[in-house]
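Notes follow once the structure below has been shown.
Chain letters run A, B, ... following the sequence lines, proteins first and then strands; every chain starts at 1. Values below: every heavy atom of this structure, side chains too, minus hydrogens, waters and symmetry copies.
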Number of protein chains: 2
Amino acid sequence: MIARRKNRVVNPPEHCPLGQCLSIIGGAWTPNIIWYLSSQSRRFSELKDDLQGISPKVLTQRLRKLENEGIVNRKVMPTSPPTVEYSLSELGKELKPAIEAIVAVGEKLKKIKTAEAILGA
Amino acid sequence: MIARRKNRVVNPPEHCPLGQCLSIIGGAWTPNIIWYLSSQSRRFSELKDDLQGISPKVLTQRLRKLENEGIVNRKVMPTSPPTVEYSLSELGKELKPAIEAIVAVGEKLKKIKTAEAILGA
DNA sequence: CTTTGTAGTATCCAGTTGGTAACCACATAA
DNA sequence: TTATGTGGTTACCAACTGGATACTACAAAG
């Protein structure tokens, strides 16, 4: 029988910022929405075209949630018919380094996988 | 009627590294598992204690998946009963900057939310 | 008068996820 | 002899997720 090691690792900082942040960028399409908005503001139907395959329901859901969390600004333009401009808020822009770090890792992973595929591993 | 803007935003790099990476760190408990393993190697039951509330089923699922993806190393020790050491692979360590960036954002979010709570916003 | 584009809603449904609980063989400690 | 710890596995199930589809009101263009 083996003595159980008792040393606890440092806990993830209280009430886990990991979960905090991942609950925002988690969910299908969400990171992509943030990605598109990070370079410029976009209208609803523009986003729908950018994110090929997303249903209007899900796009609305995501945008509403991001708006409630203060990540995204929603601005109705007085055109006819009214158009709606979505953009990243200042808070939303804080997400960019995280997204970029994730993208960077994703690219490394892709390289490794393609290398493996070529080597037939 | 409004002319649809035609300018397309830069696409997320092909076959989206975002999704690539998020499919790895996504899923309940996964980021936390990586967090714990990032500071030292841990045994199955140690992780189970670290991640209070995780069921053995899910822990196994996560570890198996991470192992298949080459993020985590699994090493059976010749003790009695056999113990199993999990650790981050070199590839797994590449995830750390991304996790740290996410944690950083999570902390900012938390500060903002607590500030809002105090101000009664 | 019909069509088009706007920004969504409403409804239904299938698939996935994650949780609970029970169970396993084995060896050792009490 | 019985209990304990090891690292899981299995079956079941409720909840959540996201996709497909159809639908809306309104105004303007043709």
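In the set D:dG7, C:dG5, C:dA7, the nucleotide with an atom closest to the side chain of A:P81 is C:dG5. When the nucleotides D:dT9, C:dG18, D:dA20 are ranked by their closest atom to the side chain of B:V58, C:dG18 comes out on top. In the set D:dG7, C:dT6, D:dA11, the nucleotide with an atom closest to the side chain of B:R43 is D:dG7. When distances are taken from the side chain of B:P56 to each of D:dG8, C:dG8, D:dT6, the shortest belongs to D:dG8. Listed nucleotides D:dG8, C:dT11, C:dT20 differ in distance to A:K57; the shortest reach to its side chain belongs to C:dT11. For A:S80, whose side chain is taken as the heavy atoms from C-beta onward, the closest listed nucleotide among D:dT9, D:dA28, C:dA7 is D:dA28.
Distance CD1 (A:I54) to P (D:dT17): 15 Å, rounded to an integer number of Å. Here D:dG8 presents its C1' atom at 16 Å from CD of B:E46, a figure rounded to the nearest Å. Atom CZ of B:R42 is separated from atom P of D:dT6 by 12 Å (rounded to the nearest Å). At whole-Å resolution of the value, CZ in B:F44 and P in C:dC26 are 19 Å apart. One can place CD of A:Q52 at 13 Å from P of D:dA20, the figure rounded to the nearest angstrom. Atom CD in B:Q61 sits about 13 Å away from atom C1' in D:dA11, given to the nearest Å. Per the geometry, NZ belonging to A:K65 stands 12 Å off C1' belonging to D:dT17, to the nearest Å. Per the geometry, CG belonging to A:L59 stands 13 Å off C1' belonging to C:dT9, to the nearest Å.
The pair A:K113-A:E116 does not count as a salt bridge, with every side-chain nitrogen at least 4.0 angstrom from each carboxylate oxygen. The residues A:E94 and B:K108 are annotated as salt-bridged, a charged nitrogen and a carboxylate oxygen being separated by less than 4.0 angstrom. Comment: B:E107 does not engage B:K110 in a salt bridge, judged by the lack of any side-chain N to carboxylate O separation of less than 4.0 angstrom.
Within a heavy-atom distance below 4.0 Å of DNA chain C, the residues of residues 22-31 of chain B found are B:G27, B:A28, B:W29.
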Criterion side-chain hydrogen bond (donor to acceptor under 3.5 Å, both in side chains) on A:Y36 and A:R42, from CA distance to verdict: CA-CA 8 Å; A:Y36 280 113; A:R42 298 298 269 167; over 6 Å; no

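B:S45 contributes no side-chain N or O that, together with a main-chain N or O of B:K48, makes up a donor-acceptor pair within less than 3.5 Å.
Between B:L22 and A:I102, the closest side-chain pair of non-hydrogen atoms falls below 4.5 Å.
For B:R64, a side-chain nitrogen or oxygen approaches OP1 or OP2 of D:dG8 to under 4.0 Å. Put simply, B:S55 has no side-chain N or O that comes within less than 4.0 Å of OP1 or OP2 on C:dT20. Side-chain nitrogen and oxygen atoms of B:R62 include none within less than 4.0 Å of the OP1 or OP2 phosphate oxygen of D:dG8. Phosphate proximity of C:dT6 to A:T83: absent, as no side-chain N or O sits under 4.0 Å from OP1 or OP2.
Hydrophobic clustering places B:I34 together with A:I112 (ILVMFWY residues linked when any side-chain heavy atoms are closer than 4.5 Å, directly or through intermediates).
Heavy-atom minimum distance, B:L95 versus B:C21: CD2-SG, 4.1 Å.
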